[in-house]
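Note sheet for the following structure.
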Amino acid sequence: MNEEMAKSLVIYNTLTRKKEVFEPLHPPHVGMYVCGPTVYSDIHLGNCRTFISFDLIYRYLLHLGYRVRYVRNITDAGHLEGDRDEGDDKFAKKARLEQLEPMEIVQKYTLGFHEVMALFNTLPPNIEPTATGHILEQIEMIKKILEAGFAYEVNGSVYFDVEKYSREHDYGRLTNRKPEDLLEGTRELDGQDEKRNRLDFALWIKAKAETLMQWPSPWGWGFPGWHIECSAMSTKYLGTTFDIHGGGMDLQATHHTNEIAQSQACNHTSPAKYWVHTNMLTVNGARMSKSAGNGFLPKELFTGNHPLLDRGYSPMTVRFFMAQSHYRSTLDFSNEALQAAEKGYKKLMESLSALEKIPPSPSSSVNIGELEQRCYAAMNDDFNSPVLIAHLFDAVRIINSAVDKKEILTPEDLAGLKRIMHTFIFDILGLVDETKHLAGSDVIEGLMRLIIEIRQSAREQKDWATSDRIRDALKEAGIEIKDTKEGVEWRM
RNA sequence: GGUACCUUGGCCGAGUGGCUAGGCGUCGGUCUGCAAAACCGUUUACGGCGGUUCGAAUCCGCCAGGUACCUCCA
């Protein structure tokens, strides 16, 4: 069945600007490279959205039965502030600021990143290579690009020759731009006099004596440019051409365009068959970014400790919120939207326990098989999680109606519903049931049984004051009481 | 300036030619000691103006507004 499903998966390819049927180069293997974070500061929620989006894609590919090698790098060197040679990169700057070693900065923010990814329940990639761990590979690649004639050395630095490359290849292909247009857009910046052409970009940058992070190379001591690490690492772990290359949309024009040029120049082939770009998270309509200073830290979001937030929201509320929009759409971040997501998420989770208490019937009033097909169809249509969620809410309605005895379900229906809910909610959407945290402990179960018993006897004596007091006090403590026909239920 | 993209109901957000996504909210009802939850119903929209078409939120053109990229950013 999964094989059947896998055949109809379509993915939007930035390269062709079309949805294409997904046909891996070497099935059942799939190689996927996603540009990871630059770990010189805390990642904000916008970064998280990208990695959560790719987690959804990774999870779905796994569910379809593909053997995915998911590579997501850690950029821990080589990013300068702007396109100029001031000596130090972002890590060294931050290290001076925080009075730490550059590698302490890297360690600190890498750990923070992993912590946040775990809170959002994303699966770790299979390989998480670092730029500093692959200096040799980057140097080798630069050497090949030089040999191929698409780069030149000036005074200990190496630059990619975009003009020459453009004569043979379509440099602006990924973003549909002509070299003339690109040139038009570039600004005159300082420290560019070494470059032959304004569009050229650095592959290797000569270090100054005081540069904290530098490595020896055929061109002297220096550090790699901004784009070569991803080309070197993706080639090393996935080969010269692999299936999916992903990242945020902001990387499309520069980083990914240059990656393609580097791979073409070095390996004579485009690195990836499908280019997948995730859209930005916005706040009040403007892109959330480090430079704009409008980024939310995950911690601020969870605690509610931020001027724009009324209160905190749990990681799963946020993950659900993100899954409710398509990965290629911008998603606007607001209290109202988060509150709506929180309720929706809760409703979805509660339906799971409701599902457990539906009595089976000999006949059926619903079509579960069709529902399941629609769920797969949604995911197969370029990972359309919002449509999937709409179908899951159809399932929720069926479940709740069945509890209310307005729909009847056969044992097969019930098994099908359970399979749908567990597969899509947990395996694919990557949600976890946060509401189950403390329940399950024997002590709490025992206490709750006692409290509910006391409340029941108060109710039998029509002692509403006591009954309501218990209900209200429990609510204060974060426990919700539900009086149903079948008895009293409670939930953290 | 160049290149793309976007504009959907009170809010969020799918949908790319006919079959009124979905969530949250609102209001009404059922249930309940009262609530909550749940269920049923309600609210039914596609920036403006033209065009193509039997038929357009969906295609084309123009206009208005917005965003992103072209410097590091997921």
Side-chain angles (χ1 to χ4, degrees), chain A residues 17 34-38 40-41 43-54 75 79-84 89-90 172 175-178 180-187 189 199 226 246-255 257 277-282 285-292 295 320-321 324-326 328-348 350-351 354 378 381 384-394 396-397 399-401 403-407 459 462-464 467-468 471-472 475 480-485 489 491:
Chain A
R17 281 160 221 91
V34 174
C35 292
T38 306
Y40 69 98
S41 65
I43 61 159
H44 61 72
L45 213 58
N47 306 106
C48 296
R49 187 190 182 198
T50 293
F51 303 128
I52 291 170
S53 294
F54 281 106
T75 296
H79 271 240
L80 289 182
E81 299 273 1
D83 186 18
R84 58 178 79 188
D89 62 16
K90 288 178 172 173
T175 45
N176 196 24
R177 279 171 218 203
K178 301 185 192 82
E180 311 89 84
D181 299 339
L182 284 164
L183 203 57
E184 183 99 20
T186 53
R187 296 169 213 181
L189 296 166
L199 287 179
W226 312 276
M249 261 179 193
D250 50 346
L251 299 180
Q252 212 173 289
T254 308
H255 184 58
T257 291
H277 289 101
T278 57
N279 216 320
M280 300 292 110
L281 191 63
T282 60
R287 180 188 158 193
M288 189 182 281
S289 74
K290 277 178 190 170
S291 46
F320 180 75
F321 165 70
Q324 273 191 304
S325 77
H326 190 260
R328 280 190 291 116
S329 301
T330 55
L331 173 61
D332 200 57
F333 189 80
S334 70
N335 273 291
E336 256 187 322
L338 279 167
Q339 272 160 28
E342 187 175 72
K343 284 218 151 190
Y345 163 70
K346 197 177 151 205
K347 188 173 174 177
L348 201 57
E350 300 212 336
S351 74
D381 183 14
N384 198 329
S385 56
V387 169
L388 165 66
I389 289 172
H391 297 324
L392 291 177
F393 277 110
D394 276 347
V396 171
R397 191 197 55 76
I399 291 165
N400 288 330
S401 295
V403 172
D404 275 19
K405 303 195 169 50
K406 285 172 180 160
E407 299 276 15
R459 291 180 76 200
K462 299 202 189 305
D463 178 5
W464 309 125
S467 163
D468 291 354
R471 185 172 69 196
D472 296 344
K475 197 171 181 186
E480 195 178 25
I481 291 271
K482 279 197 229 173
D483 296 319
T484 70
K485 278 177 193 150
E489 288 171 29
R491 211 173 165 91

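What you see is a predicted model; the values in this text were computed from it and never measured. Here is how names work: the chains are called A, B, and so on, in the same order as the sequence lines, proteins then strands, and each is numbered from 1.
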- request: Could you please name the option among B:G23, B:A74, B:C39 that lies closest to any side-chain atom of A:D404?
  value: B:C39

- prompt: What about A:R471: does its side chain form a donor-acceptor pair under 3.5 Å with the base of B:A35?
  reply: yes

- request: Check every strand shown and say whether A:K343 touches a base, only sugar-phosphate, or nothing at a heavy-atom separation below 4.0 Å.
  value: sugar-phosphate

- prompt: Quick one: do A:D394 and A:R397 make a salt bridge, cutoff under 4.0 Å?
  reply: no

query: Side-chain N or O of A:T254 less than 4.0 angstrom from OP1 or OP2 on B:C70?
result: yes

- prompt: So A:Y345 and A:F320, would you call those rings parallel, tilted or perpendicular, with 30° and 60° as cut-offs?
  reply: tilted

query: Applying a 3.5 Å limit to both distances, which nucleotide forms a Watson-Crick or G-U wobble pair with B:G25?
result: B:U43

query: Between the base of B:C40 and the side chain of A:R397, is there a donor-acceptor distance below 3.5 Å?
result: no

message: Over all strands shown, is A:N384 touching base, sugar-phosphate only, or nothing at heavy-atom distances under 4.0 angstrom?
response: sugar-phosphate

task: Please confirm whether any donor atom in the side chain of A:D468 sits under 3.5 Å from an acceptor in the base of B:G33, or the reverse.
output: yes

- request: Give a yes/no answer on whether the side chain of A:S329 brings an N or O atom under 4.0 Å of OP1 or OP2 in B:A14.
  value: yes

message: Once hydrogens and angles are ignored, does a donor-acceptor distance under 3.5 Å link the base of B:A35 to the side chain of A:D483?
response: yes

statement: Pairing partner of B:G50, by Watson-Crick or G-U wobble and under 3.5 Å for both distances, is B:C60

query: If you look at every strand shown and take non-hydrogen atoms under 4.0 Å, does A:A390 touch a base, only sugar-phosphate, or nothing?
result: base

- line: Among B:A36, B:A68, B:A38, the one nearest any side-chain atom of A:E480 is B:A36

- request: Could you tell me whether a side-chain N or O of A:R49 sits under 3.5 Å from a main-chain N or O of A:N279, the two making a donor and an acceptor?
  value: yes

Distance-only donor-acceptor test (3.5 Å): side chain A:S467, base B:G33: yes

field: Watson-Crick/G-U partner (both atom distances under 3.5 Å) of B:U67
entry: B:A4

task: Scan A:T175 against the nucleic acid and name what it touches under 4.0 Å (heavy atoms): base, sugar-phosphate only, or nothing.
output: sugar-phosphate

query: Using centres under 5.5 Å plus planes under 30 degrees as the test, is A:W464 stacked with B:G33?
result: yes

- prompt: Considering only B:G23, B:G33, B:A14, which nucleotide approaches the side chain of A:F393 most closely?
  reply: B:G23

Sugar-phosphate, base or nothing in reach of A:K475, heavy atoms under 4.0 Å: nothing

message: Within the 4.0 Å heavy-atom criterion, would you say A:N279 contacts the bases, only the backbone, or no part of the nucleic acid?
response: base

message: Using a 4.0 Å heavy-atom cut-off, does A:M249 contact any base of the nucleic acid, only the sugar-phosphate backbone, or nothing at all?
response: nothing

